[in-house]
**Q** 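Below is one structure. I have some questions about it.
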Amino acid sequence: MSFSERILNWYAEHKRALPWRETKNPYVIWLSEIILQQTRVEQGMPYFFRFLETYPNVTKFANAEEAEILRLWQGLGYYSRARNMHKASKQVLELHNAKFPTDYQSLLKLPGVGEYTAAAISSFSSNHAHAVLDGNVFRVLARYFGIEEPINSSSGKKIFSKLAEEMLDRNQPAEYNQAIMDFGSLQCKPKNPNCAECVLRIDCRAYESGLVNVLPAKIKGKKSKDRFFHYFIIEHDGAVLMSQRSEGDVWANLFEFPMIESDADLNVAELVQMEEFQKDFGLSVPTQIKGQIKHILSHQNIYARFYKLEINASKLPKKSHWNYFILEKLDTLAKHKLISSFVEHYF
DNA sequence: AAGTCGGGGTT
DNA sequence: AACCCAGACTT
C-alpha cells in the first residue's frame, strides 16, 4: 500500500472531530488556521468559537475596530496575527468584493497568510492540490524518509517542501492534508511516538535506523535573554494610568502600566535612583505590591515587579502613550498576559 | 540565514 | 529546562 493510502486508512479510523472540519467556508477556515498557527488545538478552540460568533463573516471582521479584535485575541499570543487578520479582511473587501479567495496565489498575498496557511485554506475549502507543511508534516516526512537535514534550515525547507508536494494525494488533497497532520499529531508524536502500532513502520527509515528520537533535526536558536520590568500602579479619581506599548518590541500596541526596564534586578532604593525614574516620577516613593513574577516567553525571561505609586497627577509628564482609564474600562483594553493576570487579582 | 513574535502543554 | 505547537515576517 502506498504512503498516502496508509495515512488515509489510519485517518479514517483515528480522525479528530474538529469544528472547522465541518465547513468549506474559506473565511471560517482562515479564521481557524490563523488561530492555530503555533497554537495547540485545545488552546485555540475557545478563541475560534468566540471569533466566529463575534464576526460571522469577513465583512463584519473588516468593519470591526482593531482594538476590539486585539481584545478578543487577548491571551493567545503572537498578537501580530490579529493585526494582520484585520488588514487581510479589509483586503478581501477591497480586492475580492468581500468574497474570501480560495486560490493559493491570492491567499498568499493576504497579510499573515504564508505557504502553510495558503495551502490549508485552498485545499480544505476547494480541494485544490497544495500540500500543507507544518510541524507535523515535517516530523512525519523526516522520520519516514530518514532525512537528517534540519527542518529549519533553508535547504531543509526546500527539500521538505518538494517532498511534501510529491507525497500529496492529488485525488483527495483536502483529506490527505488533514490526515497527515492528524497522523503527526496523534501517532508520530514528537516524544514517545506510537511506533509499536504504526502503519508506516515497515518502511520507516528512522525506525529502521533507530533515529526516531533524533528526527526531525533542528538548528537550535539563541538562548533566552533576561529582562527586568518595573510596573507602576498610578491611580487618580477611580482611574488608572495605562501605557500603550510601542512597536518593534514584544507585545506591540498592547496596554500595560507605565514601566521602567532595567538590565538587572533592582531593589526599591536602586530603582528610585534611576535617571528615568526621577525624570518621570521625581521623588515619589514606590511601594512594592508583591514579589517578583517570572514570565517566560519563547525567547526571553521577563522578571516583573509591581509597585503602587502615590504621585500628584500634575507632577506627571505628559506622554502620548499614557492615558487614564476608569476601572470599568480597564477590562476593554487588550493587555498581555503579565498585565491581565495582575489586573485580575488586584482590581 | 538568523532573529523576532506569546502562551501553554509535555516530557 | 528543553522542546513543541495546523508559522509568518523582518532584518
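As a basis for the values below, the full set of heavy atoms in this structure was taken, side chains included, without hydrogen atoms, waters or symmetry mates. A, B, ... follow the sequence lines: proteins, then strands. Residue 1 opens every chain.
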**Q** Can you list everything that forms a side chain to side chain donor-acceptor pair (under 3.5 Å) with A/Gln300? Sequence neighbours excluded, please.
**A** A/Arg227
**Q** Could you measure between the two C1' atoms, the one in C/dC3 and the one in B/dG6, and give it in whole Å?
**A** 15 Å
**Q** Taking atom CD1 as the centre, does A/Ile202 end up with more than 12 heavy-atom neighbours from other residues, nucleotides or ligands that are less than 6.0 angstrom away?
**A** yes
**Q** Please work out which residues in residues 129-137 of chain A have a non-hydrogen atom less than 4.0 Å from an atom of DNA chain C and list them by number.
**A** A/Asp134, A/Gly135, A/Asn136
**Q** Check whether more than 12 heavy atoms from other residues, nucleotides or ligands sit under 6.0 Å from atom CZ of A/Arg205, and answer yes or no.
**A** no
**Q** In residues 207-224 of chain A, which residues come under 4.0 Å of DNA chain B by heavy atom?
**A** A/Lys222
**Q** Within a radius of less than 6.0 Å around CD of A/Gln187, do more than 12 heavy atoms belonging to other residues, nucleotides or ligands occur?
**A** yes
**Q** In the 5'-to-3' direction, what one-character label does each nucleotide of nucleotides 5-11 of chain B receive under the scheme B = base within less than 4.0 Å of a protein heavy atom, S = sugar-phosphate only, - = no such atom?
**A** BBBBB-S
**Q** Looking across every strand, which nucleic acid part, if any, lies under 4.0 Å from A/Trp73 by heavy atom: base, sugar-phosphate, or nothing?
**A** nothing
**Q** Is the centre of the A/Phe277 ring less than 6.0 Å from the centre of the A/Phe232 ring?
**A** yes
**Q** Should we say atom CG of A/Asn312 is surrounded by more than 12 heavy atoms from elsewhere, each under 6.0 Å from it?
**A** yes
**Q** Expressed as a whole number of Å, how far does the P atom of C/dA8 sit from that of B/dG9?
**A** 23 Å
**Q** With heavy atoms under 4.0 Å as the rule, sort A/Leu18 into base, sugar-phosphate or nothing.
**A** base
**Q** Apply side chain to side chain contact (heavy atoms under 4.5 Å, CB included) to A/Asn63 and list each qualifying residue two or more places apart in sequence or on a separate chain.
**A** A/Thr59, A/Leu93
**Q** State whether the number of non-hydrogen atoms from other residues, nucleotides or ligands found under 6.0 Å of A/Glu166 atom CD is greater than 12.
**A** yes
**Q** For the residue pair A/Phe229 and A/Tyr303, is the inter-centroid distance of their aromatic rings smaller than 6.0 Å?
**A** no
**Q** Show me the pairs that pass salt bridge (charged side-chain N to carboxylate O under 4.0 Å, His left out) and involve residues 213-223 of chain A, at least two apart or across chains.
**A** none
**Q** In whole Å, measure the gap between the P atoms of C/dA6 and B/dT11 for me.
**A** 14 Å
**Q** Across the strands shown, which category fits A/Arg139 at heavy-atom distances under 4.0 angstrom: base, sugar-phosphate, nothing?
**A** sugar-phosphate
**Q** Heavy atoms only, 4.0 Å cut-off, all strands: where does A/Ser32 land among base, sugar-phosphate and nothing?
**A** nothing
**Q** Under 3.5 Å, which donor-acceptor pairs link side chains of residues 42-55 of chain A to any protein atom two or more places apart or in another chain?
**A**
residue : atom : partner : partner atom : Å
A/Tyr47 : OH   : A/Gln74 : O            : 2.7
A/Thr54 : OG1  : A/Arg50 : O            : 2.7
A/Tyr55 : OH   : A/Glu68 : OE1          : 2.7

**Q** At a heavy-atom distance below 4.0 Å, which nucleotide of DNA chain C is the first touched by chain A, and which is the last?
**A** C/dC3 to C/dC9
**Q** According to the side-chain hydrogen bond (donor to acceptor under 3.5 Å, both in side chains) rule, which pairs have a member within residues 280-290 of chain A, sequence neighbours left out?
**A** A/Asp280-A/Lys319, A/Gln288-A/Arg305, A/Lys290-A/His345
**Q** Taking A/Arg81 for its side chain and A/Gly77 for its backbone only, find out whether a donor-acceptor pair lies under 3.5 Å.
**A** yes
**Q** Could you check, using the six-membered ring where one of them is a Trp, whether A/Trp251 and A/Tyr79 have ring centers closer than 6.0 angstrom?
**A** no
**Q** For DNA chain B, find the residues of residues 168-188 of chain A with a heavy-atom distance under 4.0 Å and give them by number; none if there aren't any.
**A** none
**Q** Do any side-chain atoms of residues 233-240 of chain A form donor-acceptor pairs under 3.5 angstrom with protein atoms, and if so which ones, sequence neighbours left out?
**A**
residue  : atom : partner  : partner atom : Å
A/Glu235 : OE2  : A/Lys308 : NZ           : 3.0
A/His236 : ND1  : A/Tyr324 : OH           : 3.0
A/His236 : NE2  : A/Ile311 : O            : 2.6

**Q** What residues, two or more places apart in sequence or in another chain, satisfy side chain to side chain donor-acceptor pair (under 3.5 Å) together with A/Asn253?
**A** none
